[in-house]
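See structure below.
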Amino acid sequence: MRKNIVAGNWKMNTTLDEGVELANDINTLLLANKPNCDVIVCVPFTHLTSVHGVIDKEVLGLGAENCSEHEKGAYTGEVSAAMVKSTGAQYVILGHSERRQYFGENNEQLLAKTKLALANGLMPIFCVGEVLEERENGSYNDVVSSQIEALFSLSPEDFGKIIVAYEPVWAIGTGKTATAEQAQDMHAHIRKVIEEKYGKEIADNTSILYGGSCKPSNAKELFAKPDVDGGLIGGAALQADSFMGIIEAFN
Ligand code: PGA
């Protein structure tokens, strides 16, 4: 059976001290209130090792927010999948819309990153989602299909390790959430696209998270939908209380 997951995406927020404190607070709260889902924090590269040192693997997983599409070598400023793995992280967000939009990441690069993440034992949290114009002109299902299809050269075994996050770009950081029905429709669509390629078992076992202004007040309604298996949380993951409020939607 697929897992329910709540993952935080801290983006470019918190200094090292602030980040370690936040991770520590979340960890303490989770130890006191065992979650009914997997919980992950995806943190800046600079924080990975220190955060790894303060969290308890039994209740809190650790991920990076990106990795390089190159294995190693003369790529000044880049961080490889092997480097991420060596910090103790188990996950990596790939294809976030901010990476696609601001850093021009394309399907080919994202496939290369995904392959390197998997080869290094990291589980990718692979983000897909349409922009407002595509939502309004009705092309959103096709847009998201093609983002998922970019990974279809992966073996079934490898694809089975991917966590998908549907994040409508118009809902990220805008306070505007997709309705639970819009999320469910897209998640069911994503699962169908996966099923057509990899079969029912892999499709049924793939966790598909919703992201985009998810908060304690709307998480329960979103997560109650049959194909919504949790959330990828930005702004609301930066405070232990609001992050816990979302995790508790699974109680
Ligand atoms: P948000 O971000 O929760 O602040 O909308 C979600 C994300 O970008 O992962």
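Both backbone and side-chain heavy atoms feed into the values below; hydrogens, waters and symmetry mates do not. Order of appearance sets the numbers: ligands from 1, and atoms from 1 within every ligand.
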- Query: Cut-off 3.5 Å, side chains only: do Trp170 and Glu136 have a donor facing an acceptor?
  - Reply: no

- Sub-3.5 Å N/O-N/O distance, Gly235 and ligand 1: yes

- Message: Tell me the nearest of Lys11, His96, Lys215 to atom 2 (O) of ligand 1, using heavy-atom distances.
- Response: Lys11

- Message: Looking at Lys220 and Glu248, is any side-chain nitrogen of the basic one under 4.0 Å from a carboxylate oxygen of the acidic one?
- Response: no

- Task: Please identify which atoms of ligand 1 are closer than 4.0 Å to at least one heavy atom of Gly212.
- Result: 5 (O)

- Would you say the ring centroid of Tyr198 lies under 6.0 angstrom from that of Phe152? yes

- Message: Students should be able to answer this: which protein heavy-atom is nearest to atom 3 (O) of ligand 1, and at what distance?
- Response: Gly234 N, 2.9 Å

- Any side-chain donor-acceptor pair under 3.5 Å between Thr15 and Asp17? no

- Message: With a 4.0 Å cut-off on N to O distance, would you call Glu105 and Arg100 a salt bridge?
- Response: no

- If you measure every N/O of Ser213 against every N/O of ligand 1, is any gap under 3.5 Å? yes

- Task: Check if Gly211 has a non-hydrogen atom at a distance under 4.0 Å from any atom of ligand 1.
- Result: no

- Heavy-atom nearest neighbour in the protein, as seen from atom 9 (O) of ligand 1, with distance rounded to 0.1 Å: Glu167 OE2, 2.7 Å

- Donor + acceptor pair across side chains of Asn27, Asp56 (<3.5 Å): no

- Task: Mind checking whether Ile172 contacts ligand 1 via backbone (N, CA, C, O), side chain (CB onward), both or neither, at a 4.0 Å heavy-atom cut-off?
- Result: both

- Task: Tell me which part of Ser97 gets within contact of ligand 1: side chain, backbone, both or neither, using heavy atoms under 4.0 Å.
- Result: neither

- Between Cys214 and ligand 1, does any nitrogen or oxygen pair lie at a separation below 3.5 Å? no

- Query: Are any of the N or O atoms of Ala236 closer than 3.5 Å to those of ligand 1?
  - Reply: no

- Scan side-chain atoms only and decide if Asn205 and Lys3 contain a donor-acceptor pair under the 3.5 Å cut-off. no

- With a cut-off of 4.0 Å, which atoms of ligand 1 are near a heavy atom of Ala171? 5 (O)

- Test side chain to side chain donor-acceptor pair (under 3.5 Å) applied to His70 and Ser80, step by step: CA-CA 7 Å; His70 302 291; Ser80 71; over 6 Å; no

- Does a side-chain N-to-carboxylate-O contact under 4.0 Å join Glu98 and Lys11? yes

- List every atom of ligand 1 that sits less than 4.0 Å from any heavy atom of Gly173, numbering the atoms from 1 in the order shown and giving each element. 1 (P), 4 (O), 5 (O)

